[in-house]
Each structure stands twice: as C-alpha cells, then as structure tokens.
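Structure, as structure tokens:
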Amino acid sequence: MRVPSSAGEALCLGVPGLGKGVTNGGKTTLAKRLRKQLPNCSILSQDDFFKPESEVEIDEHGFKQYDVLDALYMEEMVTSIYSWMKNPTGSSVSTAESKNTPVNLKSTEEVHILIAEGFLLYNYEPLNEVWDRRYFLTIPYEECKRRRSTRVYQPADPPGYFDGHVWPMYLKHKREMEENKNNIVYLDGTKSEEDLFSYVYNDIVRELETWKK
C-alpha cells in the first residue's frame with residue numbers, strides 16, 4: 001500500500017510475501033540480499049513474533065503447532081508494520097544503508113522500502129491491504145524435506161514432524177491463499193540465489209519506476 005510518511009513514501013513488500021512461502025524456501029536469504037541493494041530498505045521477519053514454546057498448542061499426535069497463525073503474535077506484527085509505514089526512520093525496524101544506489105533509483109531515494117518475510121503473511125486478513133508486491137517462494141516436497149533436515153531448530157523437530165505437521169500445514173495454507181489472494185508472483189525456490197535475486201530486484205525496480213510517474 002503506497003502511503004506518504006514523515007520521511008517520504010513507503011513501499012511494503014511481502015516475500016516468501018517475500019511474504020508467505022514454504023519453509024526453507026530461501027526467503028530470508030533473498031530478503032537480506034535485497035536489503036543490501038535497495039535504498040532505505042528494512043526487513044521485518046515473521047519469525048520474530050513467535051509465541052513462547054509454552055504458549056504453542058499441541059495436536060493429538062503430540063506435535064507442537066508452530067505452522068499456524070495462533071503460534072504467532074500477529075497483532076504485534078501488524079502494529080510494527082503500520083508503525084513503520086507511518087514513520088520509517090523512527091520505527092523500531094532497522095534500516096540498511098545501501099552503499100551504492102543504482103542510477104535508475106536515484107530519483108526514488110526518498111522512498112522507504114519494507115520487506116516482510118515469513119511463512120504466513122498472506123493468510124492474515126488485517127495485512128491484506130498492506131502489500132504493494134507479493135512474492136511466494138515454492139520448492140517441491142523432497143527438496144523442502146531435505147533442506148529442513150539440514151537445519152537446526154530450537155526446539156528440535158521430533159520424528160515425523162515434517163510429514164505430520166509442517167508439510168500438511170503448508171499445503172493447507174497455500175490452498176487458502178490461492179483461493180483468496182490475487183497478484184502473487186510465484187518464485188521457483190530451486191533456482192539459483194542469483195536468478196531469484198535478479199528477478200525480484202528488477203521487478204521491484206520496475207515498481208519503483210512507476211512511482212516516479
């Protein structure tokens with residue numbers, strides 16, 4: 001949602017919504033690289049809003065329900081996003097300074113960019129009107145499971161957690177998202193980091209250029 005702020009104009013991007021995306025799809029890596037290259041760019045991670053383990057529900061199979069909205073303090077995340085939109089330079093969201101603003105972005109240096117990255121951004125109704133661009137990273141089941149197995153989580157995934165909770169929840173939320181949301185750019189998470197960065201970066205540049213008109 002393009003809005004005026006105390007420091008210029010604010011552009012909100014969702015990356016998976018750099019928004020919602022499959023677990024271990026590469027959204028955090030992509031978001032961090034974009035932050036280094038775009039002017040006045042900040043990142044807000046949905047992972048920072050997880051509830052304590054003691055507040056996360058357990059299903060009938062004994063699995064902690066981390067991959068659902070109820071496992072997150074989503075109202076706090078909404079507050080953080082709107083606070084940033086109102087005053088990007090004065091919010092608690094840190095902003096990276098781009099060392100070299102590309103020539104074609106010089107005229108947009110007064111625009112502030114927020115990249116929200118997470119796994120359940122497009123399924124939360126209060127955020128539906130926020131995004132200027134929505135991205136969704138996907139990878140196949142086998143690759144997702146392989147990547148997940150190489151990561152260290154706290155608490156650690158119990159046996160059967162990926163097949164019994166993580167993947168079913170991903171498919172469920174993806175169906176809901178596809179039924180209710182439009183204008184999502186789907187990204188193939190099996191492509192190289194360079195290819196993904198180049199595509200999204202150029203797409204954002206084109207969006208910013210429309211703001212100059």
Side-chain angles (χ1 to χ4, degrees), residues 1-21 25-50 72-122 124 126-137 181 183-187 189 192-213:
M1 178 168 57
R2 182 177 179 178
V3 296
S5 73
S6 61
E9 289 188 291
L11 173 73
C12 251
L13 307 169
V15 177
L18 297 162
K20 181 185 183 310
K27 53 190 174 293
T28 302
T29 300
L30 176 58
K32 287 180 177 178
R33 187 167 179 190
L34 288 167
R35 184 190 186 197
K36 291 179 180 179
Q37 298 298 321
L38 293 167
N40 305 315
C41 187
S42 306
I43 293 177
L44 187 69
S45 175
Q46 192 173 35
D47 285 358
D48 292 338
F49 296 89
F50 269 114
L72 298 148
Y73 292 121
M74 287 303 297
E75 290 183 1
E76 291 185 12
M77 186 174 190
V78 171
T79 298
S80 294
I81 290 176
Y82 276 97
S83 175
W84 177 90
M85 292 171 70
K86 183 178 180 180
N87 185 10
T89 59
S91 76
S92 60
V93 182
S94 61
T95 301
E97 293 186 8
S98 180
K99 295 181 179 179
N100 297 297
T101 302
V103 174
N104 60 341
L105 293 182
K106 286 291 184 181
S107 62
T108 62
E109 286 185 319
E110 291 304 310
V111 175
H112 291 258
I113 300 168
L114 177 67
I115 295 175
E117 65 92 4
F119 66 106
L120 272 180
L121 297 183
Y122 304 153
Y124 191 63
L127 289 177
N128 285 351
E129 302 303 317
V130 165
W131 316 117
D132 292 287
R133 299 292 286 166
R134 293 183 174 98
Y135 302 97
F136 188 99
L137 276 158
K181 309 296 184 297
N183 301 319
I184 295 173
V185 178
Y186 290 88
L187 305 172
S192 69
E193 290 182 14
E194 184 60 39
D195 284 347
L196 287 170
F197 167 76
S198 178
Y199 181 89
V200 176
Y201 175 80
N202 287 321
D203 190 55
I204 294 171
V205 169
R206 287 191 292 270
E207 178 73 14
L208 290 172
E209 288 176 341
T210 66
W211 287 33
K212 296 187 296 186
K213 299 177 181 179

For [X], side chain to side chain contact (heavy atoms under 4.5 Å, CB included) partners two or more places apart:
| X | result |
| --- | --- |
| Y199 | V185, L187 |
| E75 | Y124 |
| D195 | K191, S192 |

Value rounded to 0.5 Å, distance of [atom1] in [X] from [atom2] in [Y]:
| X | Y | atom1 | atom2 | result |
| --- | --- | --- | --- | --- |
| Y186 | R134 | OH | CZ | 10.5 Å |
| L38 | R33 | CG | CZ | 11.5 Å |
| L34 | L196 | CG | CG | 10.0 Å |

Return the minimal non-hydrogen interatomic distance between [X] and [Y], and the atom names on each side.
| X | Y | result |
| --- | --- | --- |
| V78 | P126 | CG2-CB, 4.2 Å |
| S42 | W84 | OG-NE1, 3.6 Å |
| I43 | A31 | CD1-O, 3.3 Å |
| S80 | L44 | CB-CD2, 4.2 Å |

Fill in: Partner set under side-chain hydrogen bond (donor to acceptor under 3.5 Å, both in side chains) for S198, not counting sequence neighbours
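Once residues adjacent in sequence are excluded, the partners of S198 under the side-chain hydrogen bond (donor to acceptor under 3.5 Å, both in side chains) criterion are N202.
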
Worksheet item: Sequence neighbours excluded, which residues qualify as side-chain hydrogen bond (donor to acceptor under 3.5 Å, both in side chains) partners of T29?
Response: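 side-chain hydrogen bond (donor to acceptor under 3.5 Å, both in side chains) list for T29, sorted by chain: empty.
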
Side-chain contact, heavy-atom cut-off 4.5 Å: [X] with [Y]?
| X | Y | answer |
| --- | --- | --- |
| N40 | P88 | no |
| T28 | D47 | no |
| I115 | C41 | yes |
| W131 | I184 | no |

Worksheet item: Quick one: does Q46's side chain have a donor or acceptor within less than 3.5 Å of a partner on L120's backbone?
Response: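 Side chain of Q46 to backbone of L120, a donor-acceptor pair under 3.5 Å: yes, one is there.
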
Discussion item. If we check side-chain contact (heavy atoms from CB on, under 4.5 Å) with L30, which of these qualifies: F197, Y201, Y135?
Written reply: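 Among F197, Y201, Y135, the one that satisfies the side-chain contact (heavy atoms from CB on, under 4.5 Å) with L30 is F197.
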
Item to complete: Not counting sequence neighbours, which residues clear salt bridge (Lys or Arg N to Asp or Glu O under 4.0 Å) with D203? List them please.
Response: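 Per chain and number, D203 pairs via salt bridge (Lys or Arg N to Asp or Glu O under 4.0 Å) with R133, R206.
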
